[in-house]
Undergrad: 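Take a look at the following structure, please.
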Amino acid sequence: MSKILIVDDEKLIVKGLKFSLEQDGLDVDCAYDGEEGLNMIRNGSYDLVLLDLMLPKMSGYEVCQEVRGFSGVPIIMLTAKSEDMDKILGLEYGADDYITKPFNVLEVKARVKAIMRRMDYKSNTGPLPVINMPAEEKLEYRDLRLDAAGRRAFVGDREVNLTAREFELLELFVRHPNQVYTREKLLELVWGTEYPGDGRTVDVHVRRLREKIEKNPGEPDYVRTKWGVGYYLA
């Protein structure tokens with residue numbers, strides 16, 4: 001059974017989300033401030049985290065940043081702020097997705113299922129996305145090595161801690177080196193056709209990916225930009 005952590009100080013929202021997700025057969029834990037949520041993530045084993053932005057003790061930004069120091073668990077940021085900058089900041093700090101409050105619980109469930117499909121969990125909502133591959137498959141390109149089953153990535157002998165989206169981006173690039181993808185195509189393949197984000201979401205994730213795999217992110221040797229078109233693996 002997949003396990004989810006909800007970190008939000010609005011107890012009525014937490015209660016509704018917990019009930020709805022449990023109806024889908026998920027195991028749900030709850031935390032009501034940033035410090036409690038961070039400790040539960042550090043000491044537990046979760047398949048996904050729903051993380052509110054505005055929290056007591058530690059903000060969602062701070063929790064996300066701390067978590068990314070030791071875990072690539074998928075994080076969906078919940079925020080009452082609708083400004084684009086808040087969404088981009090959430091992605092900068094390591095969130096995989098964001099949902100703006102007030103939200104429809106069906107939207108939250110759809111986002112959760114979409115991420116879990118990409119994490120190779122069983123789902124009744126449809127076929128696996130095109131970027132998924134057999135669990136036993138290992139991918140190598142130049143100094144990059146990917147373990148699909150363990151969702152682990154290496155540059156040479158160095159393991160890099162990637163988020164779910166970062167891993168999926170790199171996986172797609174490694175499977176199709178030298179193929180140029182527009183931002184719109186990357187959104188479709190990695191985030192899904194129903195994702196409300198735009199090209200800036202892709203830019204943020206590519207920048208974070210470069211910071212982890214490139215010797216000099218300012219002059220990338222792997223993930224390069226085709227000016228006016230998109231990105232490709234050189």
Side-chain angles (χ1 to χ4, degrees), residues 1-83 85-123 150-151 161-168 191 195-197 201 204-205 208:
M1 179 184 295
S2 299
K3 194 169 184 179
I4 290 179
L5 175 65
I6 302 173
V7 187
D8 196 316
D9 62 328
E10 297 186 63
K11 294 189 176 181
L12 285 178
I13 289 179
V14 172
K15 183 178 180 180
L17 277 177
K18 177 179 171 65
F19 175 80
S20 185
L21 292 170
E22 286 179 340
Q23 291 296 104
D24 283 354
L26 300 171
D27 186 10
V28 182
D29 285 346
C30 306
Y32 301 98
D33 64 64
E35 286 185 0
E36 181 185 17
L38 178 60
N39 289 332
M40 291 178 71
I41 297 169
R42 193 184 299 277
N43 298 315
S45 179
Y46 295 100
D47 300 300
L48 186 142
V49 177
L50 292 170
L51 178 64
D52 188 35
L53 173 61
M54 305 301 291
L55 291 167
K57 298 185 180 180
M58 290 180 69
S59 72
Y61 292 141
E62 294 173 305
V63 173
C64 194
Q65 188 174 35
E66 288 285 331
V67 169
R68 287 298 173 244
F70 63 84
S71 174
V73 60
I75 295 175
I76 298 179
M77 191 79 81
L78 305 176
T79 172
K81 296 184 177 181
S82 59
E83 290 84 357
M85 184 54 65
D86 293 300
K87 298 172 183 177
I88 295 300
L89 275 175
L91 298 175
E92 288 278 11
Y93 278 91
D96 295 277
D97 204 347
Y98 60 82
I99 299 176
T100 303
K101 295 179 179 178
F103 50 73
N104 187 315
V105 70
L106 295 178
E107 178 188 4
V108 178
K109 291 168 69 173
R111 300 282 189 91
V112 167
K113 288 180 180 179
I115 288 182
M116 288 192 166
R117 283 202 305 274
R118 290 181 173 86
M119 296 295 288
D120 294 329
Y121 289 104
K122 294 180 179 180
S123 173
R151 297 185 70 83
N161 183 22
L162 301 181
T163 68
R165 300 293 192 193
E166 292 163 0
F167 185 91
E168 289 157 10
W191 281 263
Y195 184 71
T201 300
V204 169
H205 281 79
R208 284 186 1 215

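Count residues from 1 along the sequence. Just so you know, these numbers come straight off a predicted model, no measurement behind them.
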Undergrad: R68 and T163: side chain to side chain contact (heavy atoms under 4.5 Å, CB included), yes or no, with the steps?
TA: CA-CA 8 Å; R68 287 298 173 244; T163 68; 2.9 Å; yes

Undergrad: Distance alone, cut at 3.5 Å: any donor-acceptor contact between the side chains of D8 and Y32?
TA: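 There is no such pair between these side chains.
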
Undergrad: Look at the side chain of D52 and the backbone N and O of L55, then say whether any donor-acceptor pair between them is shorter than 3.5 Å.
TA: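 Flag not set: sc D52 to bb L55 has no pair under 3.5 Å.
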
Undergrad: Find the distance between CG (L5) and OG (S45) and round it off to the nearest 0.5 Å.
TA: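 Rounded to the nearest 0.5 Å, the CG-OG separation comes to 11.5 Å.
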
Undergrad: Just so I know, are the side chains of Y98 and I76 near enough to count as touching, which here means a heavy-atom distance under 4.5 Å?
TA: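 No - every pair of side-chain heavy atoms lies 4.5 Å or more apart.
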
Undergrad: Are side-chain heavy atoms of L21 and V105 found at a separation under 4.5 Å?
TA: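 Sidechains of V105 and L21: no contact.
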
Undergrad: Using 0.5 Å steps for rounding, measure from the OG atom of S2 to the NZ atom of K113.
TA: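 It comes to 12.0 Å.
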
Undergrad: Does the side chain of V28 come within less than 4.5 Å of K3's, by heavy atoms?
TA: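 They are not in contact (no side-chain heavy atoms under 4.5 Å apart), so the answer is no.
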
Undergrad: For residues C64 and G94, report the shortest heavy-atom separation together with the two atoms involved.
TA: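 Minimum heavy-atom separation between C64 and G94: SG-C, 3.5 Å.
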
Undergrad: Side chain to side chain contact (heavy atoms under 4.5 Å, CB included) between V67 and V73: does it pass, once the steps are laid out?
TA: CA-CA 8 Å; V67 169; V73 60; 3.9 Å; yes

Undergrad: Do K101 and T79 have side-chain heavy atoms sitting under 4.5 Å apart?
TA: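 No, every pair of side-chain atoms sits at 4.5 Å or beyond.
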
Undergrad: Atom CD of E166 and atom CG of N161: how far apart are they, to the nearest 0.5 Å?
TA: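 With rounding to 0.5 Å, CD (E166) is 8.5 Å from CG (N161).
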
Undergrad: Is it true that E168 and R151 make a salt bridge, defined as a side-chain N closer than 4.0 Å to a carboxylate O?
TA: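 Here E168 pairs with R151 in a salt bridge, since their nearest N and O are under 4.0 Å apart.
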
Undergrad: Would you give the length of the straight line joining atom CG of L51 to atom CG of D97, rounded to the nearest 0.5 angstrom?
TA: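 The distance works out to 12.5 Å.
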
Undergrad: For the pair K57 and E36, find out whether any cationic side-chain nitrogen is under 4.0 Å from an anionic carboxylate oxygen.
TA: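 Looking at K57 and E36, the cut-off is not met.
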
Undergrad: Could D29 and K18 be called an ion pair, given the rule that one side-chain N must be under 4.0 Å from one carboxylate O?
TA: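 Salt bridge: no.
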
Undergrad: Return the CD to CG distance between E62 and L53, rounded to the nearest 0.5 Å.
TA: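 One gets 10.5 Å once the value is rounded to the nearest 0.5 Å.
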
Undergrad: Tell me the closest heavy-atom pair linking L78 and F103, and the distance in Å.
TA: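 Heavy atoms of L78 and F103 come nearest at CD2-CE2, 4.2 Å.
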
Undergrad: How many angstroms lie between CD1 in I4 and SG in C30, if you round to the nearest 0.5 Å?
TA: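 Rounded to the nearest 0.5 Å, the CD1-SG separation comes out at 10.5 Å.
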
Undergrad: Short question: side chain of N104, backbone of L106 - any donor-acceptor pair under 3.5 Å?
TA: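 Checked: pair present.
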
Undergrad: Is the shortest side-chain heavy-atom distance between L38 and M58 below 4.5 Å?
TA: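 Contact flag for L38/M58 side chains = yes.
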
Undergrad: Can you find a pair of side-chain heavy atoms, one from L17 and one from V108, that are under 4.5 Å apart?
TA: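 With C-beta onward as the side chain, the pair touches.
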
Undergrad: Do V112 and L26 make a side-chain contact, defined as non-hydrogen atoms from C-beta onward lying under 4.5 Å apart?
TA: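 With C-beta onward as the side chain, the pair touches.
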
Undergrad: Can you list the steps and then say if V49 with V7 is a side chain to side chain contact (heavy atoms under 4.5 Å, CB included)?
TA: CA-CA 7 Å; V49 177; V7 187; 4.2 Å; yes

Undergrad: For M54 and D9, which heavy atoms make the closest approach, and how far apart are they?
TA: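 In terms of heavy atoms, the two residues are closest at O-OD1, 3.5 Å.
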
